[in-house]
Number of protein chains: 2
Amino acid sequence: MATGRNHRPATTRSRGIPEATVARLPLYLRALTALSERSVPTVSSEELAAAAGVNSAKLRKDFSYLGSYGTRGVGYDVEYLVYQISRELGLTQDWPVVIVGIGNLGAALANYGGFASRGFRVAALIDADPSLTGKPVAGIDVQHTDQLEQIIDESGVSIGVIATPAGSAQQVCDRLVAAGITSILNFAPTVLSVPEGVDVRKVDLSIELQILAFHEQRKAGEEALGEDETAPPAAPPAAAVTKRTEPGSDGDRPAVMPA
Amino acid sequence: MATGRNHRPATTRSRGIPEATVARLPLYLRALTALSERSVPTVSSEELAAAAGVNSAKLRKDFSYLGSYGTRGVGYDVEYLVYQISRELGLTQDWPVVIVGIGNLGAALANYGGFASRGFRVAALIDADPSLTGKPVAGIDVQHTDQLEQIIDESGVSIGVIATPAGSAQQVCDRLVAAGITSILNFAPTVLSVPEGVDVRKVDLSIELQILAFHEQRKAGEEALGEDETAPPAAPPAAAVTKRTEPGSDGDRPAVMPA
DNA sequence: CCATCTTTGTGCACGCGTTCACAAAGGCAT
DNA sequence: ATGCCTTTGTGAACGCGTGCACAAAGATGG
């Protein structure tokens with residue numbers, strides 16, 4: 001089995017900044033950017049917290065990890081804070097990104113305008129389908145998987161986006177890592193196995209919907225109480241379960257992949 | 001200010017099941033489905049944990065919240081577990097879903113085959129652009145925003161997906177909620193404000209990339225140690241910051257929206 | 001029927017994250 | 001200059017989540 005890697009404590013305090021705080025910095029940055037565009041000079045923690053959708057105490061503690069950038073009695077200087085957070089997140093430099101798997105989702109990602117504005121630049125598009133090779137998507141010619149290593153080597157990208165079917169994801173991942181990629185954003189519904197030192201973040205629409213369904217069911221169950229909620233459908237070892245998923249119809253493509 | 005809502009403890013133990021466990025159930029379900037398709041009858045917690053990318057102790061504890069579905073010395077019956085988790089997540093019933101905002105992403109979502117296999121059915125597509133009205137996307141005719149309330153009322157959906165630009169998101173959200181939607185998956189880069197009882201989950205590609213960039217920067221900084229890492233760029237109140245984001249270019253559209 | 005071996009289920013401890021509450025700090029008006 | 005008022009920054013408490021480690025349970029072979 002090719003698993004067992006990719007398990008760090010998940011609490012790696014990178015330079016003393018808690019992971020939970022890092023995950024919220026982009027939220028603050030977005031809210032601050034909006035304020036900046038409206039030429040608002042300063043904000044209080046209360047206002048900014050409301051705009052970011054978090055607790056004000058949490059926000060202040062988050063900022064305290066970055067340093068004392070506020071002024072008591074006044075608040076935070078918007079422009080200065082934008083810069084500080086941008087710098088902390090590493091957004092003051094340019095991050096070339098390669099997208100592998102130019103299906104419906106990959107194409108959508110390539111067209112995403114929010115990349116450039118945050119310092120992310122789509123450096124290359126790669127797909128295994130020969131019929132796509134050479135065709136422009138979002139103004140960039142799609143290149144064939146065969147040249148993956150060469151492309152990464154030449155463009156010097158360190159962040160890869162995987163938007164391939166699940167079946168190819170691990171293979172693509174391995175090649176990306178071997179070619180020098182150290183950060184991967186994975187849209188394929190698979191658990192990727194990577195060596196230590198490589199970061200993987202995953203986005204899975206299906207999972208989010210399932211979590212919503214859980215809460216939705218709970219809400220419905222509370223209203224119409226007294227349903228046949230607790231009725232064991234079959235014997236534990238007996239396996240006469242209505243399978244909803246016919247083989248091959250799912251778990252094969254990432255969220256948002258076309259047919 | 002129209003904020004201050006949408007803040008529940010985030011630790012709502014729905015029926016005793018921790019939120020963190022609920023978030024992992026879809027992972028287990030996916031791994032189990034794969035095993036089921038390979039006709040594997042039983043799995044141990046160790047094997048399944050490896051396939052799902054989690055700790056085996058964590059997995060056992062997660063399952064313990066659902067009940068004692070395993071057999072000591074043997075493991076878990078795959079089919080039975082698939083059913084139990086599906087039932088717990090509410091996937092044994094059909095969940096009609098409405099997608100609002102048929103841009104590049106919305107269209108990609110509409111084409112996503114993983115919906116149906118998990119019990120999610122795209123009931124309607126809605127967009128504000130009149131030129132899209134009536135045109136089929138993924139076999140479904142796009143309908144105009146004017147009919148939003150009517151559509152939701154007739155189709156009886158309870159889950160809505162927002163893939164509109166950020167500027168329209170809150171307005172769309174309000175209308176969805178008013179029409180009876182109680183669960184929202186938000187792709188727009190905005191903090192949605194919803195009344196109590198409505199669940200919102202957000203997916204933001206830009207945020208994920210920024211988190212990756214942070215770690216990537218940290219990795220690079222550790223290698224090339226001794227950089228001018230700690231060099232305050234400007235005075236705090238002075239605001240001569242190189243703004244990377246020109247107004248309107250960002251924060252206006254959800255991740256994966258076309259131009 | 002008994003012994004052995006595997007694997008579950010969980011009690012317990014630990015650590016991170018969140019929140020409260022308040023003292024310190026700075027602006028501002030008088 | 002002085003006092004008041006606002007807001008930050010943080011010490012401390014609490015709660016959830018995670019992982020260890022082991023006892024209980026059941027299957028399996030003799």
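Just so you know, these numbers come straight off a predicted model, no measurement behind them. Proteins come first, then strands; the chains are lettered A, B, ... in the order of their sequence lines, and each starts at number 1. Computation of the quantities below employed the complete heavy-atom set of this structure, encompassing side-chain atoms and omitting hydrogens, waters and symmetry-equivalent molecules.
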Please report, rounded to the nearest Å, how far the [atom2] atom of [N] is from the [atom1] atom of [X].
X	N	atom1	atom2	value
B/Y65	D/dC16	OH	P	10 Å
A/K58	D/dT10	NZ	P	18 Å
A/R24	C/dT19	CZ	P	9 Å
A/I17	C/dC16	CD1	P	15 Å
B/E19	D/dT18	CD	P	12 Å
A/D77	D/dT8	CG	P	13 Å
A/N55	C/dG17	CG	P	16 Å
A/L66	D/dT8	CG	C1'	14 Å

* Asked: With sequence neighbours excluded, what pairs up with A/R60 under the salt bridge (charged side-chain N to carboxylate O under 4.0 Å, His left out) test?
  ->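 Result, salt bridge (charged side-chain N to carboxylate O under 4.0 Å, His left out) vs A/R60: none returned.
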* To do: Taking atom types as modelled, find out whether A/T33 and A/E37 have a side-chain donor-acceptor pair closer than 3.5 angstrom.
  =>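 A/E37 and A/T33 do not have a side-chain donor-acceptor pair below 3.5 Å.
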* To do: Check whether the side chains of A/S193 and A/Q170 place a donor and an acceptor atom closer than 3.5 Å, and report yes or no.
  => no
* Structure fact -> Heavy-atom contacts, protein to nucleotides 23-30 of chain D, under 4.0 Å, summarised as B (base), S (sugar-phosphate only) or - (none) per nt, yield -BB-S---
Using a 4.5 Å cut-off on heavy atoms from C-beta on, say whether the side chain of [Y] contacts that of [X].
X	Y	answer
B/E47	B/V43	yes
B/K219	A/T182	yes
B/K202	B/F187	no

* Answer yes or no: side-chain N or O of B/K61 and base N or O of D/dT18 forming a donor-acceptor pair under 3.5 Å. =>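 No such pair is found, so the answer is no.
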* Asked: When we call it a touch if two heavy atoms are under 4.0 Å apart, what does A/F63 touch: a base, just sugar-phosphate, or nothing?
  -> nothing
* Can you tell which of B/Y76, B/Y69, B/Y80 makes a ring pair (Phe, Tyr, Trp, His ring centres under 6.0 Å) with B/F63? ->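 Exactly one candidate clears the test, B/Y76.
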* Asked: Which nucleotide sits closest to the side chain of A/R60: D/dG9, D/dG19, D/dA21?
  -> D/dG9
* Return the nearest nucleotide to the side chain of A/S64; candidates are D/dT10, C/dG17, D/dG19. => D/dT10
* Asked: Is there a side-chain polar atom (N or O) of A/Y69 under 4.0 Å from OP1 or OP2 of D/dT7?
  ->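 For D/dT7, neither OP1 nor OP2 has a side-chain N or O of A/Y69 closer than 4.0 Å.
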* To do: Please check the phosphate of C/dT7 (OP1 and OP2 only) for any side-chain N or O of B/S44 closer than 4.0 Å.
  => no
